[in-house]
Number of protein chains: 2
Amino acid sequence: MPRNRWIENLRWVRTGQQDRSRRTQEALLRAAAELLADKGVEATSVADVAARAGCSVGSVYHHFRDKKTLLVAVFDRMQEEVRVTTTAALDPERWVGASIEDLLRAYLEFSIEMARERPSFKHAGLAVAETEASLRDHLAELRIELFDGLRGLIFDRRSEIGHPDPAVAVDFVLEQLASMLTTRLEHLAAPTPFSGRSHEEFVDEALASASRYLQLQTTSERKR
Amino acid sequence: MPRNRWIENLRWVRTGQQDRSRRTQEALLRAAAELLADKGVEATSVADVAARAGCSVGSVYHHFRDKKTLLVAVFDRMQEEVRVTTTAALDPERWVGASIEDLLRAYLEFSIEMARERPSFKHAGLAVAETEASLRDHLAELRIELFDGLRGLIFDRRSEIGHPDPAVAVDFVLEQLASMLTTRLEHLAAPTPFSGRSHEEFVDEALASASRYLQLQTTSERKR
DNA sequence: ATTATCTATAGATCTATAGATAATGC
DNA sequence: ATTATCTATAGATCTATAGATAATGC
């Protein structure tokens, strides 16, 4: 137990002073990330991580105070990458001239792309977050940041929306798309009605659905 | 290792010959189900289960060959209840006179009701299934049975559907609703755009969305 | 007599540490 | 001289079993 509440969430990660140290630490974080993605938190032992990183168990504990600290470090790094990417993606400058449908399509396609590049990224994160409240909170903040940003971009274009209550409708559509992405991209996909179909077909139908529900009007329609 | 492949999936659960035995077995299954729902597979030890059931560790191993056999027994029982309920629910006789919207509403409301009654039912099942392929397969079969049944009932009413490709559209809607239910009813719900709103509001919007996407026509519209 | 239960413990992991050994860079 | 690494192992779990003890019902 830490002596006072000001330091109870401080986790010690040693900052190496030799080149060798940084290489080992990097190897450990990388190995841990891969094993977490493959096998989950419980099945990944410190000895496994050390072996995959090509060093000893003792060395792990030289760099990280305990196992949890190592896991938190892995996930913190992942989260930071996501945060930077999200912030850049949500810059309104990037979306000048885009319609709501363009925004939603970009959201879907980018999410699918990310899942293809790093298959178990999200799964590993959720697994670690399950045992560590502070990470769960960080993850929640990230999600809120993403959805707030998207909601804002869409709301700037609310003249396209014919639905009588745009505030409710936009939230509903975001939840709808996020849920379907989760189902579609999750680690071990169970069979679902649409799982046999291609990502392209999925994106098309998802946009058709959102478009009809929001009652989106194209620019030409609004001009009339 | 079993001696031949014909018995390699046979798991031994002793059938008690005394009343006392059946009571203990019942208590063990019940205790295990509760602990699995609360803490997940890895965090539930055999000693925990024994303690909660009010008996000893040795007794657990009298009834179940090993820990996995106990978990499988717990989940098998859950699955059987689900299967019976699903089969009864999908009987076409029950739905004479129902519209597609009635069917979808019933699906949503029943799912929400179930999750309220037995909060961690599904979560526990998925946790066990993750470590046991045969259960994963059973679970997949159950899902397929549910979706095939629903798809059939809806297709019997396809004259209500205005969407140019009803086969695709029905699959898409089922996936959409199933995904959103998963998001909404999952064990530890993360914050989502729509998570602050009531179940009633959710059901209304989900049906509005499905109805617009499928281009459902009411009976009176079709008569015209 | 048979079946069910309990106590106690062996054996397998896994986390974390202590102490010895090797590499680094001022 | 300092920092990083390794080897070996203590201590904490957890699964599963052996053997003794208690309850059941023919």
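The shown structure was predicted, so the numbers you read here are calculated from the model rather than taken from an experiment. In the text below, chain A, chain B and the rest are named by the order of the sequence lines, each starting its count at 1.
In this model, no donor atom of one side chain and acceptor atom of the other lie less than 3.5 Å apart for B/Arg83 and B/His138. In summary, the side chains of A/His199 and A/Arg184 do present a donor paired with an acceptor at a separation below 3.5 Å, with no hydrogens or angles considered. There is no side-chain donor-acceptor pair under 3.5 Å between B/Glu145 and B/Thr86. Donor-acceptor pairing under 3.5 Å is lacking for the side chains of A/Ser195 and B/Glu175.
Applying the 4.0 Å criterion to OP1 and OP2 of C/dA16, one finds that A/Tyr61 has a side-chain N or O inside that range. Checking the phosphate oxygens (OP1, OP2) of C/dA16, no side-chain nitrogen or oxygen of A/His62 falls inside 4.0 Å. Under 4.0 angstrom from either OP1 or OP2 of D/dT5 there lies no side-chain N or O belonging to A/Ser56. One finds a side-chain N or O of A/Ser21 lying less than 4.0 angstrom from the OP1 or OP2 phosphate oxygen of D/dA4.
Put simply, CD on B/Gln25 is 15 Å from P on C/dT3, counting in whole angstrom units.
Taking the six-membered ring where the residue is Trp, A/Phe202 and B/Phe172 present tilted rings, their angle falling between 30° and 60°.
Of all non-hydrogen atoms in B/Leu135 and B/Ala129, the two that sit nearest each other are CB-CA, 4.2 Å.
Heavy atoms of A/Ser45 sit under 4.0 angstrom from primed sugar atoms or phosphate atoms, though from no base atom.
Consecutive Watson-Crick or G-U pairing (both distances under 3.5 Å) extending over three or more pairs maps onto DNA chain D as C:1-24 with D:1-24.
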